[in-house]
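Fair warning: this is a prediction, and the values are worked out from it, not measured in the lab.
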2 protein chains.
Amino acid sequence: MNIDIRSAHLFSSLNDHQVTQVLESSHISTLKDGESLFETGDDANRFFLVIGGQIKLFRVSSNGDQKIIDIIQPGNTFAEALMFMEHPIYPVSAEALGPARIISFDSKRFLHILSESIEVCFRIMGTMSQRLRGLIKEIDDLTLQSATTRMCAMLLRRMDEVGMSRFTLPAAKGVLAARLSMKPETFSRILQNLSSKSILELKGSEIEIIDVSLLRSLAHIESIYGLEPEMPCRVRSSL
Amino acid sequence: MNIDIRSAHLFSSLNDHQVTQVLESSHISTLKDGESLFETGDDANRFFLVIGGQIKLFRVSSNGDQKIIDIIQPGNTFAEALMFMEHPIYPVSAEALGPARIISFDSKRFLHILSESIEVCFRIMGTMSQRLRGLIKEIDDLTLQSATTRMCAMLLRRMDEVGMSRFTLPAAKGVLAARLSMKPETFSRILQNLSSKSILELKGSEIEIIDVSLLRSLAHIESIYGLEPEMPCRVRSSL
DNA sequence: GAAGTCATTTGACCTTAGTCAAGGAGGGCT
DNA sequence: AGCCCTCCTTGACTAAGGTCAAATGACTTC
């Protein structure tokens with residue numbers, strides 16, 4: 001197994017010597033599906049690089065609901081932003097979504113290397129900046145956008161990523177629902193609804209987008225013409 | 001007017017020479033109440049330090065609603081995280097909340113100084129890290145917490161800040177409502193409700209917390225015993 | 001001090017999404 | 001095949017907040 005950690009953005013400008021140093025404090029591990037890596041509130045002395053599978057970052061509410069903050073894909077690092085805090089504590093929990101492989105690194109050690117390389121600092125700041133932007137967008141989505149809008153935006157992103165109008169969902173529906181901050185039931189209903197409007201066709205986790213432009217307009221401003229007024233399962237009539 | 005920008009965390013480890021350099025590209029300005037500083041999507045070539053008044057950062061939905069992401073207080077910088085992006089664009093809009101005074105700095109110029117000072121880099125990364133954490137907490141609040149919980153948490157924060165159980169709200173109620181992602185009406189009703197439960201007393205924007213421990217428990221897990229079941233203005237009875 | 005403007009409150013009602021409960025459907029295992 | 005298990009779907013209903021509109025209050029400005 002010979003992974004070049006330099007393929008990860010964060011490490012990409014390290015020289016050979018630095019790579020060796022970083023690897024000295026590294027530790028590779030395999031996680032089973034659902035295995036926990038750390039929990040919200042744990043001391044954060046290490047950060048991670050996903051080399052296989054997916055890691056989900058999430059928060060749990062007092063009544064057990066969980067909101068998925070992010071799903072980290074292979075090649076990406078996470079929790080590296082914490083090393084700059086005086087008392088680093090993970091603000092989220094992390095566990096494997098399916099079997100996964102990760103490398104962990106000692107934060108202190110990496111900080112030391114960082115103190116010699118402005119270039120790596122800049123890289124990290126770039127990453128953090130983007131993450132900041134992503135979170136702001138997410139807050140926007142959560143407060144200013146409806147569940148349907150979020151769903152449509154997600155479908156469009158996925159379509160873009162795959163490059164085809166026919167694709168398979170990147171994770172189990174329940175997981176995607178939590179990522180989009182809705183219940184599985186709502187997720188299912190919205191998908192059904194889009195399907196009934198012939199905006200897409202779905203069979204299991206296979207989706208084909210039929211009307212891209214309509215989907216796009218829904219992702220931006222919901223209900224160009226009444227999507228919700230005809231939502232199923234409304235009890236209006238019985239009042 | 002002789003403000004030492006070093007009192008701002010971001011600049012605190014600059015030497016005299018660097019301060020001079022930074023100030024060379026700086027520009028002080030005064031904003032009237034509601035005056036816009038920049039809008040979401042504008043090119044982000046400058047970042048800012050608030051020296052008087054408050055600046056609100058917000059996003060606007062397609063139907064005109066606005067969500068306040070943050071309210072920046074004097075002594076704090078904002079938009080500095082953007083300079084690390086290749087194509088920097090403000091992810092939020094900014095405008096003065098009441099008359100305000102700010103200093104703006106040229107990002108490029110500052111980047112140059114940064115490239116000579118690891119210490120300042122570390123400081124920035126620390127700030128960004130905290131901001132990241134704050135946003136995650138906010139997402140948590142929005143998805144996993146109710147409006148009442150958010151209100152209670154805000155009141156407790158404010159009480160902590162002031163150090164007394166009697167205090168005045170830090171901004172107009174409508175503004176606070178937008179900050180907490182709720183409508184002014186909801187804000188008012190929740191406050192009324194807390195008042196009717198003798199958890200607090202309110203007169204205008206003066207608030208006195210009566211039952212701190214109950215407030216605290218509401219902030220954590222809502223409805224230890226039924227707060228919502230007795231919410232006013234419900235039409236249950238007419239069904 | 002009257003008029004006007006703006007923020008807040010209250011009331012009545014509506015919409016979104018969550019809850020709870022009951023069925024499907026698919027996949028792996030024996 | 002039959003069974004179990006987990007995930008997804010569907011139906012009926014509830015709850016939290018939003019909407020709209022009117023009433024009140026508070027603060028300016030003339």
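Scored by the side-chain hydrogen bond (donor to acceptor under 3.5 Å, both in side chains) test, B/Asp70 finds no partners at all (sequence neighbours excluded). Under the rule for a side-chain hydrogen bond (donor to acceptor under 3.5 Å, both in side chains), the partners of B/Ser93 that lie at least two apart in sequence or sit in another chain are B/Thr40. Partners of B/Arg157 according to the side-chain hydrogen bond (donor to acceptor under 3.5 Å, both in side chains) rule, which considers only residues two or more places apart in sequence or in another chain, do not exist here. Evaluation of the side-chain contact (heavy atoms from CB on, under 4.5 Å) rule for B/Glu206 yields B/Arg166, B/Thr168 as partners, not counting sequence neighbours. Considering only residues two or more places apart in sequence or on other chains, B/Ser205 meets the side-chain hydrogen bond (donor to acceptor under 3.5 Å, both in side chains) condition with none of them.
Here the C1' atom of nucleotide C/dA17 and the CG atom of A/Asn193 are 13 Å apart, to the nearest Å. D/dA16 atom P lies 18 Å from atom CD of B/Gln192, rounded to whole Å. At whole-Å resolution of the value, CG in A/Leu142 and P in D/dA16 are 20 Å apart. Residue B/Glu206 contributes atom CD, which lies 15 Å from atom P of C/dT8 at whole-angstrom precision. Straight-line distance from the CG atom of B/Leu191 to the P atom of C/dT10: 10 Å, rounded to whole Å. When rounded to the nearest whole Å, the span between NZ of B/Lys67 and C1' of D/dG18 equals 16 Å. In this structure, CZ of B/Phe187 is placed 13 Å from P of C/dT10, rounded to the nearest angstrom. Straight-line distance from the CD atom of B/Gln145 to the P atom of D/dA15: 20 Å, rounded to whole Å.
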Name every donor-acceptor pair, under 3.5 Å, that has one atom in a side chain of residues 170-177 of chain A and the other anywhere in the protein, sequence neighbours excluded.
residue: A/Lys173; atom: NZ; partner: A/Gly204; partner atom: O; Å: 2.9

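B/Glu208 CD: more than 12 foreign heavy atoms inside a 6.0 Å radius.
For residues 48-68 of chain B, the set of pairs meeting the ring pair (Phe, Tyr, Trp, His ring centres under 6.0 Å) definition, not counting sequence neighbours, comprises B/Phe38-B/Phe48, B/Phe48-B/Phe78. Evaluation of the salt bridge (Lys or Arg N to Asp or Glu O under 4.0 Å) test over residues 33-58 of chain A, restricted to residues two or more places apart or in two chains, returns A/Lys56-A/Glu95. Among pairs with a residue in residues 132-142 of chain B, those fulfilling side-chain hydrogen bond (donor to acceptor under 3.5 Å, both in side chains) read A/Arg59-B/Asp140, B/Lys67-B/Glu138, B/Lys137-B/Asp141, B/Glu138-B/Arg179, at least two apart in sequence or across chains.
Electrostatic pairing of A/Asp65 and A/Lys183 counts as a salt bridge here, judged by a charged N lying under 4.0 Å from a carboxylate O.
Taken residue by residue, residues 167-179 of chain B places heavy atoms nearer than 4.0 Å to DNA chain C at B/Ala172, B/Lys173, B/Gly174.
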Using nucleotides 19-23 of chain D, report all nitrogen or oxygen pairs with the protein that are shorter than 3.5 Å.
residue: D/dT19; atom: OP2; partner: B/Lys183; partner atom: NZ; Å: 3.4
residue: D/dT19; atom: O4; partner: B/Arg189; partner atom: NH2; Å: 2.7
residue: D/dC20; atom: N4; partner: B/Glu185; partner atom: OE2; Å: 3.2

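For the helix from C/dG1-D/dC30 to C/dT30-D/dA1, the rotation axes defined at the first and last 5 base pairs enclose an angle of 30°, given to the nearest 10°.
Checking C/dG18, D/dG17, D/dT9 against every side-chain atom of A/Leu202, the shortest atom distance belongs to D/dT9.
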